[in-house]
Amino acid sequence: MGYTPVTPFGRVLDAAQMARLRQADTPRPASFTPVHGTLPAPQSISKWDMLREITAARKSLGLSDRDLTVLQALISFHPGADLSGGPGQMVVYPSNAAICARLNGMPDSTMRRHLAALVSAGILTRRDSPNGKRYARRNRAGGVAFGFDLWPLVARREEILATAAAERRATEELHHLRETVSLMRRDLAALVLWGETEHPSLPAWTRLANLGILSGRTLRRKPVREDLLRLQSVLAAALAELGLLLDLTSPDEPTAEEMSSNAADNEQHIQNSEKDLIESESGVENMAMADTAQESRQGRAPAPLPLRLVLDACGEVQTYAAQKIASWRDLLTACETLRPMMGISPDLWHEARRRLGNEDAAIVLSAMLQRFAAIRSPGAYLRRLIQKAGEGDFSPTPMILALMRQAA
């Protein structure tokens, strides 16, 4: 037979199939690029590797997990582990009953619905026989098969690989952003508890605690990237306000006027953001702060702990200071003296200060000194903390709070 029909037998053509048929009838110039923007496919590819890539790219391809289950069953009817050849050379022709049996008894109507989704997404091509049956027939030219052609998996290989890689990057970024927001929320809750103990008369604790509760609700509802960026901005402002409320000191300490102005600005920012969170709980999506959060999405500035809290939890570090530690600069100077005694090399200490920041590096070393007897290898311990910081999964707050609970 010199003609192989591609129209569906006894089924209505949809827009996607009509577009593919029109494309097939259109003469292709020498520089023609296929409809999916792919280069000529390689001669042979692993069918299971392609299934894994399609699984990674399924959201962009508009496929469900059940669609992929049907695709996996259909691919299993193809002999061998690789796909190779051109259109019409990779046709599988199992009956509906055989496909349903391989799908552990999936109903025929359900299976056909998922097959239609795969065809509509351009993952499969129907090659129908004159009577609508699926079969293979040999002739002098070599034979012809009617069923489902797997050739689009080969033709769209480059596109699918690129889409899968983009989906993996987006998933990894979302995971990192969610971890960052979770750490910020944890720091917020811990510092609010400590602040309520130290300064119970301040009215801001209830508002900041409520912000932490609303943030937790947002995280439980699997927020999208824009929600997380907005929440990151809200929590960053809240942690900055906490720093002022707890009367933090730093080498570049702001003036009283600057602290008052910053506190007022941060409070207004948080109040507006908290209102947005409450509205979001009612189904109102407000992304007004996404642009601000975009600038810091690669990582968060560590929430500074009160110096007094660090010194209360890590009293041993005072022994190595030439004078009473009254500022972060004094603590860092004491750690410079302490560092070689703990077996921390200059290069590792430089890396800790670069990756953690001077204040957090000093906090970590002070906490390590406080429980030095329990640390087998201080260098390896610090190196692991630096690695976690690079992954966006580190905050010194739990270390200090754990030491305070132990002392209590």
Side-chain angles (χ1 to χ4, degrees), residues 181-219 230-281 289 300-315 317-318 324-331 357 359-360 362-363 366-367 370 395-408:
V181 170
S182 296
L183 283 172
M184 296 174 75
R185 178 175 172 269
R186 185 180 66 182
D187 287 356
L188 176 68
L191 290 173
V192 166
L193 287 175
W194 187 80
E196 288 177 331
T197 303
E198 291 290 309
H199 309 285
S201 61
L202 291 179
W205 306 128
T206 300
R207 173 171 52 82
L208 293 173
N210 288 338
L211 176 61
I213 294 172
L214 291 173
S215 302
R217 291 177 183 173
T218 301
L219 288 175
R230 175 175 144 273
L231 187 56
Q232 182 186 30
S233 176
V234 172
L235 293 174
L239 290 169
E241 182 186 6
L242 267 171
L244 298 176
L245 291 174
L246 297 174
D247 193 24
L248 304 182
T249 57
S250 64
D252 300 316
E253 188 171 351
T255 64
E257 291 79 6
E258 291 172 336
M259 291 179 65
S260 176
S261 175
N262 289 338
D265 292 342
N266 286 332
E267 181 172 356
Q268 182 64 36
H269 178 76
I270 294 171
Q271 286 176 345
N272 293 338
S273 303
E274 186 175 349
K275 179 177 180 293
D276 292 341
L277 282 176
I278 295 173
E279 290 177 347
S280 179
E281 289 295 310
M289 295 174 172
R300 69 178 177 89
L305 286 165
L307 177 62
R308 183 157 37 88
L309 176 62
V310 175
L311 296 177
D312 288 345
C314 309
V317 71
Q318 183 65 64
K324 183 179 179 180
I325 297 175
S327 67
W328 288 108
R329 185 180 287 110
D330 292 343
L331 180 61
E359 293 178 2
D360 275 8
I363 294 172
S366 302
Q370 197 66 24
S395 168
T397 305
M399 300 176 67
I400 299 302
L401 296 179
L403 287 173
M404 293 191 68
R405 286 194 296 269
Q406 182 179 353

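Since this is a predicted model, take the numbers as computed values, not measurements. All residue numbers refer to positions in the sequence shown, counting from 1.
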>> Once side chain to side chain contact (heavy atoms under 4.5 Å, CB included) is applied, do any residues pair with Leu193, and if so which ones, sequence neighbours excluded?
In response: Glu196
>> Which heavy atom of Leu235 sits nearest to which heavy atom of Ser215, and what is that distance?
In response: CD2-OG, 3.7 Å
> What's the shortest heavy-atom distance between Gly212 and Arg185, and which atoms?
Replying inline: O-NE, 2.8 Å
> Should Met184 and Leu231 count as side-chain neighbours, where that means a heavy-atom distance under 4.5 Å?
Replying inline: no
>> How close do Trp205 and Leu242 get, counting heavy atoms only, and between which atoms?
In response: CZ3-CD2, 3.3 Å
>> What's the separation between atom OG in Ser395 and atom CG in Leu305, rounded to the nearest 0.5 Å?
In response: 7.0 Å
>> Return the CG to CD distance between Leu211 and Glu241, rounded to the nearest 0.5 Å.
In response: 9.5 Å
> Do Pro306 and Leu191 have side chains that get closer than 4.5 Å, going by heavy atoms?
Replying inline: yes
> Which residues pass the side chain to side chain contact (heavy atoms under 4.5 Å, CB included) test with Ala189, sequence neighbours left out?
Replying inline: none
> Which atoms form the tightest heavy-atom contact between Ala238 and Leu188, and what is the distance?
Replying inline: CB-CD1, 4.1 Å
> Looking only at heavy atoms, which two atoms of Ala313 and Met404 are closest? And how far apart?
Replying inline: CB-CG, 3.6 Å
>> Looking at every heavy atom in both Gln370 and Gly315, which two are closest together, and how far apart are they?
In response: OE1-N, 3.3 Å
> Considering only heavy atoms from C-beta outward, does the side chain of Leu245 approach that of Leu208 to under 4.5 Å?
Replying inline: yes
> Looking at CG of Leu403 and SG of Cys314, how far apart are the two atoms once the value is rounded to the nearest 0.5 Å?
Replying inline: 5.0 Å
>> Using the side-chain contact (heavy atoms from CB on, under 4.5 Å) definition, which of the options Asp187, Asp360, Val310, Leu401 pairs with Pro396?
In response: Asp360
> Considering residues at least two apart in sequence or located in another chain, which fulfil the side chain to side chain contact (heavy atoms under 4.5 Å, CB included) criterion with Ile325?
Replying inline: Leu311, Val317, Gln318, Ala321, Asp330, Leu331, Ala334
